[in-house]
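Predicted, not measured: the structure shown is a model, and the values here were computed from it. Heavy atoms only: backbone and side chains are in, while hydrogens, waters and symmetry mates are out.
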Amino acid sequence: MFHDSGPITTITVRLKHLVVIAIIFSVVCSFVVLNLVFLLSNLSRDIAARTLPSVLNSPPVDRPRHASSVPSAWYGILAYPKISGSRQSWEWVIRFAHSLSPNSQKVRLRQTTSAHILPVVNSIQFPGVKSVFLEGIYLRGHVDLNSWITTAKIVPRYDCGYPQCTERKTKLLLREPVTLDVRGHVAVLHGLLTDVYDLQRVIAALSSRTEILITAVTVLPAQVKEKEENYAIKLHDFLHGLYFIHNWIPVSATLKNCTNHAIRSRHGCLLWITWTAWTTNQPLRYIPPAGDGTPEMELQRLSSFINHQPVHVCQTVQKFGGSTKSSGFIDGQYAVCLDQLRPAIHSNSCLVYSFGISDDWSFDDEMHEFGCEVHSFDPSIGIPSQKRNRQHWFHNLGLTTSDASIEPNWTVASYSDIQRNLRHKNRMVSVLKMDVEGAEWAFLRDSMTDVRSLNHVEQFIVEIHPVARFGTWRDIIRQRSLMLHYLEKRGFVLFNSRQNVIGLDLRSLDYTQRLGKDTGNFLYELSFTKPKNSVK
């Protein structure tokens with residue numbers, strides 16, 4: 001006997017159809033909702049980005065302008081002519097990172113933001129770099145941000161090995177010239193050790209409004225082999241170039257698996273460094289260690305800077321003053337750049353401050369004869385203040401600093417007070433000459449705090465002297481380097497250097513022999529000028 005099941009089958013089929021339709025409908029609705037959420041999210045980000053002050057509307061960070069194409073005597077082949085291999089180079093990179101505090105306070109944005117205006121974090125990534133997933137964790141731990149907008153940018157490599165990045169047809173690396181546009185409050189760079197060339201391209205494209213930079217470099221074990229290309233020295237130079245050329249100050253560093261053994265045996269080292277943009281109204285308290293941080297390396301770097309003068313800085317150099325000693329050395333003679341001095345003389349605005357006279361007036365007298373108003377200062381020679389010539393005054397007055405020793409019977413004043421008392425506060429000092437038997441270091445240290453003290457100085461001429469030894473030679477020499485580099489940060493460029501023969505000659509590759517008891521006994525006369533296109 002057969003039963004008629006037609007209606008039941010029909011109902012079942014219809015129910016199945018309805019279920020399928022419901023499922024399709026729910027999927028479509030979900031897709032629509034997700035797209036709507038995505039569109040609304042992008043819309044809100046666009047609205048926030050349009051109102052964001054730092055991307056387009058806020059003022060740029062006032063960093064000094066330096067040409068990144070000019071080789072620096074503070075790092076690279078000029079500073080370290082002898083490099084043994086990638087192992088030593090990698091140790092230099094680790095020394096650089098270890099000189100930074102891993103637990104420093106979170107860096108903050110200078111520009112104010114509100115709850116309705118979120119800061120922008122621009123994440124720049126090269127293909128295949130896996131450090132991106134740690135970005136949010138690192139930002140929360142090192143940057144004072146509660147919330148932010150992330151804009152991701154994947155950039156192609158312009159420096160890539162064959163055949164990874166080649167085109168199938170031509171087997172060549174085809175890249176169109178592209179001008180990168182990297183904006184935002186914070187920039188995060190993710191790259192491999194082999195991406196140093198491309199990282200430099202990104203740095204050059206950073207907006208002048210970017211305040212915080214984070215470099216996240218992954219080092220794979222295959223990239224640090226002794227007989228392979230020395231990418232570690234390229235990374236070392238890249239990190240130092242950020243500081244010396246591009247004016248980024250490293251604040252903190254985080255390393256994972258970055259020991260010599262780990263980077264050869266594990267999946268790779270992660271090196272994160274946080275940087276802040278140095279501005280012209282900030283003091284300077286840090287300089288990276290020289291090489292591996294040994295006293296020999298510190299002395300080698302300082303020697304490199306002192307003995308390297310770019311030829312393009314000053315077209316006409318003239319030496320003034322001096323008297324010939326029995327050794328044949330002309331003492332008390334200083335080199336002056338005439339490029340900016342001539343216009344000041346022709347406009348009757350040439351002003352010279354000369355600190356430290358002893359019994360040699362030759363430099364001061366010749367500057368006066370050249371047409372400058374000259375003010376000479378020295379409290380140690382026992383003569384009263386007087387007018388020596390029509391536009392030449394002597395002041396029985398010394399320069400006080402925060403830590404210089406002062407004789408009880410000397411009258412002293414700060415550089416700022418001297419300018420104020422002479423009513424020169426707003427005048428440009430054409431030449432500031434200083435030969436003060438070691439007190440120049442205290443003056444430079446104070447000028448790093450009082451950032452306005454050298455604003456109105458066009459040329460700075462100083463004889464550097466040895467001072468009493470307090471601390472290790474490494475720390476002493478690095479501190480001297482910091483002070484001299486600060487002059488560069490302020491826009492000064494060394495155009496002439498001369499060794500005083502009674503001191504040591506630092507032009508030597510055997511720096512170990514220079515680290516005896518007389519290490520500090522080097523005397524050099526250094527002349528700096530501030531080109532017109534540099535900061536004041």
Side-chain angles (χ1 to χ4, degrees), residues 52-55 58-66 68 75 93 96-97 99-102 104-111 113 119-126 129 131-132 134-145 148-155 180-193 195-218 234-255 270-280 282 284-288 489:
L52 190 69
S54 75
V55 178
S58 63
V61 180
D62 188 18
R63 287 198 296 269
R65 296 178 297 274
H66 294 301
S68 59
Y75 69 94
V93 174
F96 177 94
S99 70
L100 307 172
S101 172
S104 61
Q105 293 183 346
K106 294 182 180 181
V107 292
R108 313 184 90 186
L109 294 170
R110 298 186 187 92
Q111 301 173 18
T113 58
V120 168
V121 175
N122 201 326
S123 180
I124 302 100
Q125 309 160 14
F126 291 100
V129 180
S131 59
V132 181
L134 295 172
E135 183 177 295
I137 299 174
Y138 189 87
L139 282 169
R140 287 185 175 88
H142 292 80
V143 183
D144 190 9
L145 297 176
W148 60 86
I149 299 173
T150 298
T151 60
K153 185 185 296 290
I154 298 178
V155 294
L180 293 174
D181 187 13
V182 183
R183 306 183 183 187
H185 288 94
V186 183
V188 187
L189 274 63
H190 298 273
L192 300 175
L193 178 63
D195 291 330
V196 172
Y197 173 82
D198 289 294
L199 289 172
Q200 291 172 334
R201 291 195 310 114
V202 176
I203 292 297
L206 285 179
S207 168
S208 59
R209 293 168 172 82
T210 302
E211 297 184 31
I212 299 172
L213 170 66
I214 297 172
T215 53
V217 178
T218 301
K234 294 183 178 181
L235 177 61
H236 178 274
D237 290 350
F238 167 71
L239 298 177
H240 281 68
L242 284 175
Y243 173 86
F244 286 108
I245 301 299
H246 297 285
N247 295 296
W248 288 98
I249 307 300
V251 178
S252 63
T254 299
L255 297 85
L270 286 177
L271 173 62
W272 294 72
I273 299 180
T274 305
W275 312 72
T276 58
W278 186 80
T279 62
T280 57
Q282 280 184 293
L284 187 67
R285 298 185 177 92
Y286 171 84
I287 189 171
K489 292 288 191 191

Quiz item: What residues, two or more places apart in sequence or in another chain, satisfy side-chain hydrogen bond (donor to acceptor under 3.5 Å, both in side chains) together with W272?
Solution: none
Practice problem: Tell me, please, which residues at least two apart from D237 pass side-chain hydrogen bond (donor to acceptor under 3.5 Å, both in side chains). | Solution: none
Quiz item: Listed by chain and number, what are the side-chain hydrogen bond (donor to acceptor under 3.5 Å, both in side chains) partners of N122, not counting sequence neighbours?
Solution: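 N122 satisfies side-chain hydrogen bond (donor to acceptor under 3.5 Å, both in side chains) with no other residue.
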Quiz item: Are the side chain of T215 and the backbone of L189 linked by a donor-acceptor contact shorter than 3.5 Å?
Solution: no
Quiz item: Which residues pass the side chain to side chain contact (heavy atoms under 4.5 Å, CB included) test with Q125, sequence neighbours left out?
Solution: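 Here the qualifying residues are S123, V132, A152, I154, H190.
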Quiz item: To the nearest 0.5 Å, what is the distance between CD1 (I124) and CZ (R201)?
Solution: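 Answer for the CD1-CZ pair, I124 versus R201, is 11.5 Å.
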Exercise. Supply the atom-to-atom distance H142 NE2 to T254 OG1, rounded to the nearest 0.5 angstrom.
Key: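 That separation rounds to 3.5 Å.
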Quiz item: So I245 and Y75, side chain to side chain contact (heavy atoms under 4.5 Å, CB included) or not? Walk me through it.
Solution: CA-CA 10 Å; I245 301 299; Y75 69 94; 3.6 Å; yes
Quiz item: Do L193 and L271 come close enough that some side-chain heavy atom pair is under 4.5 Å?
Solution: no
Practice problem: List for me each residue that meets side-chain hydrogen bond (donor to acceptor under 3.5 Å, both in side chains) alongside R140, sequence neighbours excluded, and say none if there are none. | Solution: none
Quiz item: Under 3.5 Å, is there a donor-acceptor pair between the side chain of H185 and the main chain of V120?
Solution: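 Yes, the answer is positive, given that a donor and an acceptor are paired below the 3.5 Å cut-off.
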Quiz prompt | Stepwise side chain to side chain contact (heavy atoms under 4.5 Å, CB included) test for F238 and I203 | solution = CA-CA 10 Å; F238 167 71; I203 292 297; 3.8 Å; yes
Exercise. Could I get the full list of side chain to side chain contact (heavy atoms under 4.5 Å, CB included) partners for V217, not counting sequence neighbours?
Key: L199, V219, L235
Quiz item: With V107, which residues qualify under side chain to side chain contact (heavy atoms under 4.5 Å, CB included), at least two apart?
Solution: V143, I212, V251, T274, T276
Practice problem: Provide the closest heavy-atom pair for A216 versus S131 in the form atom of the first, atom of the second, distance. | Solution: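 Shortest heavy-atom contact: CB-OG, 4.1 Å.
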Quiz item: Hey, mind stepping through L206 and H246 against side chain to side chain contact (heavy atoms under 4.5 Å, CB included) and telling me if it holds?
Solution: CA-CA 10 Å; L206 285 179; H246 297 285; over 6 Å; no
Practice problem: Work out which heavy atom in G184 is nearest to a heavy atom in T210; give both atom names and the distance. | Solution: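 Scanning both residues completely, I find the closest heavy atoms to be O-OG1, 3.2 Å.
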Quiz item: What distance do L213 atom CG and W275 atom CH2 have between them, rounded to the nearest 0.5 Å?
Solution: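 Taking CG in L213 and CH2 in W275, the distance rounds to 7.5 Å.
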Practice problem: Report the C-alpha distance between L139 and I214 in whole Å, list the side-chain angles of each, state the deciding distance to 0.1 Å, and finish with yes or no for side chain to side chain contact (heavy atoms under 4.5 Å, CB included). | Solution: CA-CA 9 Å; L139 282 169; I214 297 172; 3.5 Å; yes
Quiz item: Could you state the interatomic distance from CG (L134) to CG (L270), rounded to the nearest 0.5 Å?
Solution: 6.5 Å
Self-check item: Spatial distance of atom CZ (F126) from atom NZ (K153) [nearest 0.5 Å]
Solution: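 The distance works out to 12.0 Å.
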Quiz item: Got a sec, which residues hit side chain to side chain contact (heavy atoms under 4.5 Å, CB included) with Y286, two or more places apart in sequence or on another chain?
Solution: F96, S99, L100, Y243, P250, P288, P289
